[in-house]
Each structure stands twice: as C-alpha cells, then as structure tokens.
Amino acid sequence: MKVSTRGRYALRIMLDIAINSNTKPVSFKDISSRQGISIKYMEQIGSLLNKAGLIKSVRGAQGGYLLVKSPREYTIAEIIGVTEGEMNLVPCVDCEFSCDNISDCLTAPFWKRMNSVIDDFLKSYTLQDILDRKFDPIITIEE
C-alpha cells in the first residue's frame with residue numbers, strides 16, 4: 001500500500017486550513033503558495049474534500065475554504081479515504097474479491113489482520129493530533 005500524492009496533499013491542505021483559518025476562509029492561492037502545490041492540483045483535491053463535506057467554500061472577495069468541523073473531529077483515515085478510497089494491501093482483504101484459493105490460503109488471515117492494523121492506526125489519529133504532534137514518530141525529522 002502506498003498513499004498517493006493526492007492523499008498526502010489532502011492531509012496537508014486540511015492542516016493548512018486548520019492552522020491558518022482562525023474563522024476566516026483560506027484561499028487555495030495562499031495554501032498553494034505555502035505548500036508548494038500547484039493551484040490546479042489544489043482545486044482537484046479541494047473539490048474532492050468539498051464534495052465529501054470535509055471543507056466548505058465561502059464565496060466573495062474574502063472567500064476561500066473553511067473546515068466544517070473541529071480538527072479533533074477529523075480522523076486521518078477519513079481525510080486520506082476521500083482521495084484513496086479503500087486502502088487494501090492485497091485484493092483478498094476486499095470482501096467483493098473472489099479468489100478460488102481463499103478457503104485454503106494460509107496468508108489471507110495475515111493480510112486481513114495487517115490491513116486492519118493500518119486502518120485502526122489511521123482511525124486513531126485526528127487532524128488535531130498531528131497539529132499537536134501527539135504521535136510517536138518512528139523517525140525524527142530535523143527542523
């Protein structure tokens with residue numbers, strides 16, 4: 001499993017809005033400038049986030065985008081899920097996938113469990129947790 005650029009950018013866009021909105025809409029132009037994401041790509045991702053009800057647009061000269069909920073109410077799974085859909089490691093963890101070997105496969109339970117662990121991890125963190133850096137990074141990032 002690999003989170004696409006679209007998924008990573010969706011999370012960055014949501015974080016940028018959370019940091020910079022202060023009840024005032026944030027323009028995609030400003031986010032694009034801060035995050036180094038092309039405005040065209042921002043609009044594509046923003047449209048998905050808007051349609052999913054994660055952000056809302058405000059029209060007008062002072063318009064832009066706002067979060068619909070508090071950062072504490074967004075899970076990382078919810079945000080990434082908008083752009084990635086179901087994130088299954090292998091096809092057999094999807095109940096609609098048909099495999100002739102599923103009843104005899106020794107690895108299927110392993111993949112299902114691993115998929116479940118990743119899903120639970122993504123659901124266990126919120127946008128606010130990332131803002132507050134409330135997670136145990138495996139690697140340290142030099143600032």
Side-chain angles (χ1 to χ4, degrees), residues 1-59 63-143:
M1 171 182 64
K2 184 176 181 180
V3 176
S4 71
T5 303
R6 188 180 286 194
R8 294 190 313 271
Y9 285 179
L11 184 55
R12 287 173 47 190
I13 291 166
M14 295 289 289
L15 287 164
D16 194 288
I17 294 171
I19 291 166
N20 294 294
S21 71
N22 298 323
T23 70
K24 182 179 110 180
V26 181
S27 76
F28 275 173
K29 181 181 174 191
D30 291 341
I31 298 170
S32 172
S33 175
R34 282 189 294 269
Q35 298 299 324
I37 304 169
S38 79
I39 194 74
K40 186 173 181 172
Y41 204 26
M42 289 270 312
E43 289 169 350
Q44 291 174 13
I45 298 167
S47 176
L48 293 171
L49 295 169
N50 193 27
K51 285 179 187 173
L54 273 60
I55 61 174
K56 66 180 177 182
S57 62
V58 177
R59 295 180 182 241
Y65 291 84
L66 293 168
L67 297 181
V68 173
K69 307 180 281 189
S70 158
R72 283 180 176 72
E73 298 176 82
Y74 292 98
T75 67
I76 305 310
E78 175 183 24
I79 296 166
I80 292 175
V82 168
T83 60
E84 304 299 318
E86 287 292 320
M87 294 181 33
N88 294 322
L89 294 168
V90 293
C92 64
V93 299
D94 183 355
C95 34
E96 294 188 16
F97 178 76
S98 176
C99 175
D100 296 335
N101 299 323
I102 196 72
S103 60
D104 298 325
C105 182
L106 293 174
T107 63
F110 171 81
W111 296 122
K112 287 181 182 186
R113 177 68 180 123
M114 188 172 180
N115 203 73
S116 177
V117 168
I118 293 168
D119 191 48
D120 290 346
F121 178 81
L122 293 173
K123 287 177 179 174
S124 73
Y125 287 97
T126 67
L127 206 54
Q128 189 66 52
D129 291 332
I130 292 180
L131 290 169
D132 296 341
R133 297 179 183 226
K134 289 186 179 176
F135 53 91
D136 246 348
I138 294 171
I139 59 171
T140 56
I141 301 172
E142 303 273 333
E143 292 190 49

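Every heavy atom of this structure was used, including side-chain atoms; hydrogens, water molecules and symmetry mates were not. Source: prediction; values computed, not measured.
Shortest non-hydrogen contact noted between I39 and S32 is N-OG, 3.6 Å. Between R6 and Q44, the closest heavy-atom pair is NH2-OE1, 3.8 Å. Closest non-hydrogen pair, T23 versus L66, comes out as C-CD2, 4.0 Å. When all heavy atoms are compared, the tightest approach of P25 to G63 is CB-C, 3.7 Å. Between L131 and P71, the closest heavy-atom pair is CD1-CB, 4.0 Å.
Applying the salt bridge (charged side-chain N to carboxylate O under 4.0 Å, His left out) test to pairs two or more places apart or on separate chains, those with a residue in residues 110-125 are D119-K123. Listed by first and then second residue, the ring pair (Phe, Tyr, Trp, His ring centres under 6.0 Å) pairs that reach into residues 66-89 come to none, sequence neighbours excluded. Within the structure, every pair that satisfies the salt bridge (charged side-chain N to carboxylate O under 4.0 Å, His left out) test and touches residues 67-78, not counting sequence neighbours, is listed here: K69-E78.
Under the rule for a ring-ring contact (aromatic ring centres under 6.0 Å, His included), the partners of Y65 that lie at least two apart in sequence or sit in another chain are F28. For T107, the side chain to side chain contact (heavy atoms under 4.5 Å, CB included) partners are C105, W111, not counting sequence neighbours. Residues passing the side chain to side chain contact (heavy atoms under 4.5 Å, CB included) test with S33, sequence neighbours excluded: none. With sequence neighbours excluded, the residues satisfying side chain to side chain contact (heavy atoms under 4.5 Å, CB included) with F110 are M114. Applying the side chain to side chain donor-acceptor pair (under 3.5 Å) rule to S47 yields no partners; only residues at least two apart in sequence or on another chain are considered. Partners of T126 under the side chain to side chain donor-acceptor pair (under 3.5 Å) rule, at least two apart in sequence or in another chain, are D129. With sequence neighbours excluded, no residue forms a side chain to side chain donor-acceptor pair (under 3.5 Å) with S70. By the side chain to side chain donor-acceptor pair (under 3.5 Å) test, S27 is found to be paired with D30, residues two or more places apart in sequence or in another chain being considered.
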Acceptor/donor pairs from residues 14-22 side chains to any protein atom, 3.5 angstrom cut, sequence neighbours excluded:
residue: D16; atom: OD1; partner: N20; partner atom: ND2; Å: 3.0
residue: D16; atom: OD1; partner: R34; partner atom: NE; Å: 3.2
residue: D16; atom: OD1; partner: R34; partner atom: NH2; Å: 2.6
residue: D16; atom: OD2; partner: R34; partner atom: NE; Å: 3.0
residue: D16; atom: OD2; partner: Q35; partner atom: NE2; Å: 3.0
residue: N20; atom: ND2; partner: D16; partner atom: O; Å: 3.0
residue: S21; atom: OG; partner: I17; partner atom: O; Å: 3.2

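Remark: L54 CG to K56 NZ distance equals 13.0 Å, nearest 0.5 Å. Interatomic distance, CD1 of I37 versus CD1 of I13, reported as 5.0 Å (0.5 Å rounding). To the nearest 0.5 Å, atoms CG (L48) and OG1 (T83) are separated by 7.5 Å. Note that NZ of K2 is 11.0 Å distant from CD of E84, once rounded to the nearest 0.5 Å.
The side-chain heavy atoms of L127 and L11, taken from C-beta on, include a pair separated by under 4.5 Å.
In this structure, R8 contributes its side chain and V3 its backbone to a donor-acceptor pair below 3.5 Å.
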